[in-house]
Amino acid sequence: MSEYFNVAQVFGEDVFSDRVMQERLPKKAYKALKKTIEEGTELDLATADVIAAAMKDWAIEKGATHYTHWFQPLTGVTAEKHDSFITAPNPDGTVLLEFSGKELIKGEPDASSFPSGGLRATFEARGYTAWDCTSPAFVRHDAAGAILCIPTAFCSYTGEALDQKTPLLRSMEAINTQALRLLRLFGNTTSKKVTPSVGPEQEYFLVDEKKFLQRKDLIFTGRTLFGAMPPKGQELDDHYFGTIRQRIAGFMRDVNLELWKLGVTAKTQHNEVAPAQHELAPIYAEANVAVDHNQIVMQTLKRVACQHGMKCLLHEKPFAGVNGSGKHNNWSITTDDGINLLDPGKTPHENMQFLLVLVCILKAVDTHADLLRESAADPGNDHRLGANEAPPAIVSIFLGEQLQDVLSQLINTGIATYSIKGGTLETGVRTLPSLAKDATDRNRTSPFAFTGNKFEFRMVGSRDSIASPNIVLNTIVAEAFCEACDILEAADNFEDALHDLIKRYAREHQRIVFNGNGYSDEWVEEAARRGLPNIKSMVDAIPTLVTDKAIALFEKFGVFTKAELESRVEIKYESYAKTINIEARAMIDIASKQIIPAVIKYTKSLADTVNAVTAAGAEASVQIELLNETSALLSDTKAALSKLTDVVEQAAGMEEGPERARFFHDVVMTAMSELRAPVDKLEMIVDKEMWPMPSYGDLIFEV
Ligand code: ADP
Ligand code: MG
C-alpha cells in the first residue's frame with residue numbers, strides 16, 4: 001500500500017516559486033525580478049547573477065546536478081540539453097558548482113536540427129534560448145537524477161521565433177494592451193494588466209506495456225494502423241465516470257503527486273467515454289504557464305505510466321471506431337485585480353462591458369474561423385474532427401439560451417431589457433436540497449462553447465500543444481477589441497456609440513452562433529448556407545496561415561512576421577508528410593513481416609486439416625470454405641500492399657511542399673485504408689493464437 005502524503009505540503013515543493021524567491025533573494029534582486037515579471041522591464045546582468053546563484057543553491061539542495069533550458073521548438077514536443085553545474089577542476093582536483101546570470105538568461109543550442117522552415121540558413125546554425133521568467137523554473141526528478149528546468153523561448157540569430165512560446169507571449173501582450181484600452185473606456189482606472197486564463201482538459205488512453213510492445217504500429221506511430229472492432233465497444237456508456245480500477249487509481253495517484261510537486265494544479269480526474277480512456281484537468285492558470293504545465297502533464301502521464309507497466313497514448317485517434325482524445329481549451333480574460341471580462345453577472349443585458357466583449361469575440365471568431373480551425377490541426381486530429389464524435393470541422397459558437405436571448409433582443413429591438421433567469425431545479429424528492437439551476441444548459445457538440453464565465457474551445461487534439469489555439473484566440477480577440485476601441489474612443493457620445501456598436505456586431509456576426517446539435521448532417525448543410533468554412537483536413541487548413549487577412553492580423557499585433565508564418569506553413573506541410581509517411585511505412589512493414597506470414601501459416605494449417613479430414617473419409621466443406629475466404633483476403637491484402645508500396649515510393653520522389661502533403665492525404669491515406677480493410681477482416685477469421693499482435697479487445701478491455 002502506498003504512503004499517504006499531505007497535498008498542501010508537497011504542492012510546489014520542486015518549484016522556484018515566488019515564496020522561494022522571497023526567502024532566498026536579497027530584497028533588491030527580488031524587487032527587480034518581480035518588476036521584470038510584471039512589467040517586462042529588462043533585468044541587468046548583476047541581478048541575473050544573484051538570481052542564478054540562488055536558483056542553483058536551491059536546486060542543488062533538491063539534488064539537482066544539471067540545469068537545462070527547457071523549450072518548445074516546432075516539433076510538437078519539448079526540447080532540452082543538460083549541462084552540469086561543475087566547473088573545470090581546481091589544481092587540487094576538486095570542482096566548484098557554478099551557474100551564472102548569463103547562463104540563466106541565454107542559451108545557444110545548435111539549432112540546425114530543429115525545424116525552422118527556411119528561416120535559418122543552414123550555415124547559420126545558431127539559435128538562442130531566452131529565459132522566460134514569467135513561467136517558474138522547477139526541478140524535475142527522473143532516471144537522470146534531478147534537473148533544474150528553466151522555461152525558455154527559442155529564436156533564431158535574427159530574432160525570428162522558432163518555437164511556440166515566443167508568439168504566445170507576444171499574443172498575450174497584444175490582448176493585454178487592447179483589453180486595457182477597453183476597460184479604460186468603461187471607467188476602470190485600477191486594473192494594470194489583463195491576462196488570458198487557460199484551463200486545458202487532457203484526455204488520454206492507458207494500455208498495458210507488454211501488449212503495447214507487441215504492436216509495432218503503436219510503437220512507431222502512437223496509433224493502431226490495423227485492428228478489428230471488439231464485440232463490445234463503448235455503446236453501454238459504462239466507462240464514462242465509472243469506478244476507477246485500482247491499477248489506474250494507483251497510476252493517477254502518482255501522476256497527481258508528481259504534478260503537485262511541480263506546482264501543477266491537477267484537480268479533476270475521471271474515466272472518459274471510451275474504454276481505457278481517462279481525463280485529467282488542472283485548475284486554470286495564466287496562458288503561458290498553462291501551456292508549459294500542459295507539456296509537463298503530458299510528459300508526466302507518459303513517464304508514470306511506464307513506472308506502472310503501462311503506456312499512455314496521447315494520440316488523437318489510437319483506435320479506429322473508438323472515441324478519440326481531445327483537449328478542451330477553456331479560455332477567459334482576467335485582470336490583475338481579479339475581474340473576469342467574460343463574467344456576465346446576474347443580469348447580462350445590463351452589463352454593457354460584458355456585451356461588448358461578447359460581441360467582439362463573436363466578430364473575432366467569425367472573421368477568423370479558419371485560423372482557429374487551423375490552430376487545432378494536426379495529422380492525428382484529422383481522424384477526429386467532423387467524424388461524429390468530436391466537434392465538427394466547422395467553427396461555430398454556442399451561447400446558450402440566456403445569452404442567445406439577450407442577443408436576439410439586441411438584434412431585433414436594439415435594446416435588451418431582461419435576462420432569462422435560471423430558476424430552481426425540482427427533483428421531486430423532499431429530502432434533496434433544491435438546486436439553483438443555471439440559466440443555460442450545456443452543449444457538448446459545439447466546438448466553441450460559452451460555459452458560464454469562459455469559452456471552451458473543444459477542437460484541440462490531445463497530443464498537440466495548446467500554444468497555437470491560444471495564440472490565435474488572444475490575437476483575434478485583441479484585433480476585435482482594438483477595432484472597437486478605435487471607434488469608441490473617437491465617439492462624441494460614448495453611450496450611443498457603444499449601443500450602436502454592440503448591436504451592429506451582434507447583427508453582422510450572428511451567423512457564427514449555433515446552439516443546436518453540431519454533430520448533425522443538417523448543421524453541415526446549414527453552415528454551408530451561412531457561408532461558414534468547413535475545413536476538413538490539416539492539409540486544407542495550413543494555407544489559412546498565410547492569407548492576406550492572416551498576415552495583416554498577425555503583423556499588426558506583432559505576433560508573427562510574414563516570414564515566420566511562411567516558415568510555419570513549410571514546417572507543417574513537411575511534418576504532415578513525414579507523419580503519414582511513417583504510418584504508411586509501418587503498415588508496409590507490419591503487413592509484410594507479420595500479417596501475411598501469419599495468414600500463410602493459418603492457411604497451411606487449414607489445408608493440412610482439409611487433407612487430414614478428407615483422408616479420414618469425412619466431409620471438410622467448412623474448412624474449405626474458410627480456406628477459400630482466407631486465401632481471397634490474403635490476395636486482396638497482397639494487392640493492396642503492393643499498391644501502398646508503390647505510392648509511398650512515388651511520394652519519396654516528390655519535392656517537399658503542399659503538393660507532396662496533399663499526395664499523402666489523398667493518395668497514400670487512401671491506399672492505407674485499402675490495405676487495412678482486408679487485414680481487419682482476416683483478423684476476424686484467423687485463429688487468435690496465430691494472429692501476430694494483441695487485438696483491440698486485449699488492448700482496451702484488459703488494462
Ligand atoms: P467540464 O465540465 O467542462 O469537463 P472540467 O472541470 O473538467 O469541466 O474542466 C474545466 C476547466 O476549465 C478546468 O481546467 C477549469 O480550471 C477551467 N476553468 C474554470 N474557470 C475558468 C476560467 N474563468 N477561465 C479559464 N478556465 C477556466
Ligand atoms: Mg471535463
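In each ligand, atom 1 is the first atom listed, and ligand 1 is the first ligand listed. FYI, the numbering just counts along the sequence from 1.
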- Query: Is there any N or O on Glu201 that sits under 3.5 Å from an N or O of ligand 1?
  - Reply: yes
- Task: Kindly write out the residues that satisfy side-chain hydrogen bond (donor to acceptor under 3.5 Å, both in side chains) with Asp132, not counting sequence neighbours, or none if the list is empty.
- Result: Thr134, Lys165, Asn288
- Query: Of all the atoms in ligand 1, which lie at a distance below 4.0 Å from a heavy atom belonging to Glu456?
  - Reply: 3 (O)
- Message: Quick check on the 6.0 Å ring-centre criterion: do Phe138 and Trp70 meet it?
- Response: yes
- Message: Salt bridge check, Asp366 against Arg511: does any charged N sit closer than 4.0 Å to a carboxylate O?
- Response: yes
- Task: Compute whether any side-chain donor of one residue and acceptor of the other, for Thr334 and Thr195, lie under 3.5 angstrom apart.
- Result: no
- Query: Which atoms of ligand 1 sit under 4.0 Å from any heavy atom of Ile283?
  - Reply: 16 (O)
- Item | Close-contact set for ligand 1 against Asn340 heavy atoms, below 4.0 Å | 23 (N)
- Note on the structure: Residue set satisfying side-chain hydrogen bond (donor to acceptor under 3.5 Å, both in side chains) with Glu526, at least two apart, ordered chain then number -> Arg529, Arg530
- Task: Using a strict cut-off of 4.0 Å, indicate which atoms of ligand 1 neighbour a heavy atom of Gly199.
- Result: 14 (O), 26 (N)
- Query: Does a donor on one side chain and an acceptor on the other come within less than 3.5 Å for Asn515 and Glu401?
  - Reply: no
- Task: For ligand 1, find out whether one of its N or O atoms is nearer than 3.5 Å to an N or O atom of Pro282.
- Result: yes
- Query: Any idea which part of Glu279 is under 4.0 Å from ligand 1, heavy-atom wise: side chain, backbone, both or neither?
  - Reply: side chain
